[in-house]
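For reference, the structure discussed in these notes is given below.
Everything numeric here is computed off the predicted structure, so don't read it as measured data.
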Amino acid sequence: DGRGNIAPSTIIMPTLAMQALDEDEVEALKAGKIIGDNEKKIDKFMRILSRHIDYVAESLVDRFNYIASQSHKSAPFMYKNSTMAGYVKEEGIVSALKHGTLAIGSLGLAETLQILIGKNHMTEEGMDVAKRIYKLFRRKCNDFKDEYKLNFGVYNTPAENLCYTAMKKFQDEFGKIPNVSDREYFTNSMHVPVWKEMDPFTKIDIESQLTGYSNAGCITYVELPSTVTNNLEALETIVNYAMDKDIPYFAVNVPIDTCLNPDCGYTGDFNSVCPKCGCENIESLKRVTGYLST
């Protein structure tokens, strides 16, 4: 178990949640209202999700078999540098690849819950449903391990560009729905909505309840309003708190601004005007979907 994904796929959960609604429930949702029996919608969604997890598993096995059918000469880096352990010449490349993870990921938990019950996992009711969803992912991945004798795992997808492209397709089909598709992106995996302002400890408290279901990679990060150069004790407190909550992969985001004046290049936390030379040509470095970006 662990990272080392050789073939990940991601399920766009909000789209499946819409399929669990009746027509009148869809129309009410577009008007910002939740009607109908929530438990009935949840049960239907779980059945739809279960089928799609099966589809993903089949596709991952196909991808694995294709990768394993390639000549070892396709990727000499892997065996020359012992990147993939366990290679047995008589058994072929599959002897090493079988230890890599076939990862089943997810996108948009917050929006999915909003569709089904009108609340996200920042509420107790929403968190209960969220745990049911990720227990299903974990149980089915464990079953796939037994069935295929391959290393299936639950992946909390960081999404990169997918959070934008998936939202565009969703909006093309369903339009802009309040608190669901009225932004340009879906929320990564089980993250709390990024537009919700909260202290680092609250964010850790919420997301740490779900990170344990992932055995193929996840990330939790918190945003700080300024650099911590002069307050390292605060940084240490936050990191220790995340570790105590058993967060396996934790990141702290702080703003980093750089003056683009070639005669200056001052770096710090100043946002729009360089305090050293007065230049307004500033590059700001922020984290987007797990990766640092300008």
Side-chain angles (χ1 to χ4, degrees), residues 1-5 105-110 120-124 126-127 130-131 134 154-163 183 185-261 264-294:
D1 283 351
R3 300 175 68 195
N5 297 326
S106 62
L107 186 68
L109 172 67
N120 60 40
H121 51 308
M122 294 171 62
T123 67
E124 184 176 351
M127 180 59 76
K131 289 179 179 178
Y134 281 101
V154 182
Y155 181 48
N156 285 349
T157 307
E160 288 85 52
N161 293 324
L162 180 58
C163 60
R183 291 177 173 81
Y185 49 84
F186 280 125
T187 307
N188 287 335
S189 61
M190 53 73 207
H191 288 179
V192 299
V194 295
W195 56 89
K196 297 287 187 181
E197 291 189 8
M198 65 185 68
D199 64 84
F201 307 102
T202 300
K203 191 173 193 293
I204 292 169
D205 285 340
I206 296 171
E207 295 187 5
S208 64
Q209 297 181 59
L210 299 172
T211 53
Y213 295 106
S214 171
N215 55 349
C218 62
I219 183 173
T220 285
Y221 56 85
V222 297
E223 303 277 354
L224 300 185
S226 62
T227 60
V228 291
T229 306
N230 298 317
N231 195 358
L232 295 180
E233 292 83 2
L235 176 63
E236 187 174 2
T237 298
I238 294 171
V239 172
N240 284 337
Y241 190 82
M243 297 300 99
D244 290 342
K245 291 287 184 175
D246 204 25
I247 297 285
Y249 186 169
F250 182 65
V252 177
N253 301 341
V254 295
I256 302 174
D257 302 315
T258 301
C259 175
L260 297 183
N261 179 353
C264 180
Y266 181 77
T267 297
D269 177 18
F270 47 87
N271 198 26
S272 58
V273 179
C274 177
K276 185 175 180 180
C277 72
C279 177
E280 296 183 0
N281 189 11
I282 307 300
E283 179 182 73
S284 294
L285 192 63
K286 309 289 185 183
R287 187 179 298 274
V288 180
T289 65
Y291 289 84
L292 292 175
S293 178
T294 54

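Of all non-hydrogen atoms in Asn188 and Cys163, the two that sit nearest each other are OD1-CB, 4.1 Å. Between Cys259 and Ile282, the shortest heavy-atom distance links the atoms CA-CD1, 4.0 Å. Residues His191 and Ala110 share a closest heavy-atom pair of O-CB, 4.3 Å.
Listed by chain and number, the residues in a side chain to side chain donor-acceptor pair (under 3.5 Å) with Lys196 amount to none (sequence neighbours excluded).
The line from CD1 of Ile206 to CE of Met127 is 6.5 Å long, rounded to the nearest 0.5 Å. Atom CD of Glu223 and atom NZ of Lys203 lie 8.0 Å apart (nearest 0.5 Å). To the nearest 0.5 Å, the span separating OG on Ser106 from CG on Asn156 amounts to 5.5 Å. Rounding to the nearest 0.5 Å places OG1 of Thr187 at 8.0 Å from CG of Leu107. Remark: Ser189 OG to Glu207 CD distance equals 7.5 Å, nearest 0.5 Å. From Thr157, atom OG1 reaches atom CG of Leu109 across 12.0 Å, with rounding to the nearest 0.5 Å.
Every pair passing ring pair (Phe, Tyr, Trp, His ring centres under 6.0 Å) that includes a residue from residues 192-218 is listed here, sequence neighbours excluded: Phe201-Tyr241.
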Exercise. Under the side chain to side chain contact (heavy atoms under 4.5 Å, CB included) rule, what do Leu260 and Cys279 come out as? Steps first, then yes or no, please.
Key: CA-CA 8 Å; Leu260 297 183; Cys279 177; 5.8 Å; no
Quiz item: Does the side chain to side chain contact (heavy atoms under 4.5 Å, CB included) test come out yes or no for Tyr221 and Ile247, once each step is laid out?
Solution: CA-CA 10 Å; Tyr221 56 85; Ile247 297 285; over 6 Å; no
Self-check item: Pair Cys264-Cys274, side chain to side chain contact (heavy atoms under 4.5 Å, CB included): steps then yes or no
Solution: CA-CA 9 Å; Cys264 180; Cys274 177; 3.8 Å; yes
Exercise. Report the C-alpha distance between Thr229 and Asp269 in whole Å, list the side-chain angles of each, state the deciding distance to 0.1 Å, and finish with yes or no for side chain to side chain contact (heavy atoms under 4.5 Å, CB included).
Key: CA-CA 10 Å; Thr229 306; Asp269 177 18; over 6 Å; no
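The only member of Thr211, Ile204, Ile219 that meets side chain to side chain contact (heavy atoms under 4.5 Å, CB included) when paired with Phe250 is Ile204.
Remark: the backbone N or O of Met190 is paired with a side-chain donor or acceptor of His121 at under 3.5 angstrom. Looking at Thr258, its side chain never comes within 3.5 Å of a backbone N or O of Thr267 through a donor-acceptor pair.
Between Ser208 and Thr220 there is no side-chain heavy-atom pair separated by less than 4.5 Å. Side chains of Glu233 and Asn231 form a contact here, defined as non-hydrogen atoms less than 4.5 Å apart. In this structure, the side chains of Cys277 and Tyr266 stay at 4.5 Å or more apart for every pair of heavy atoms.
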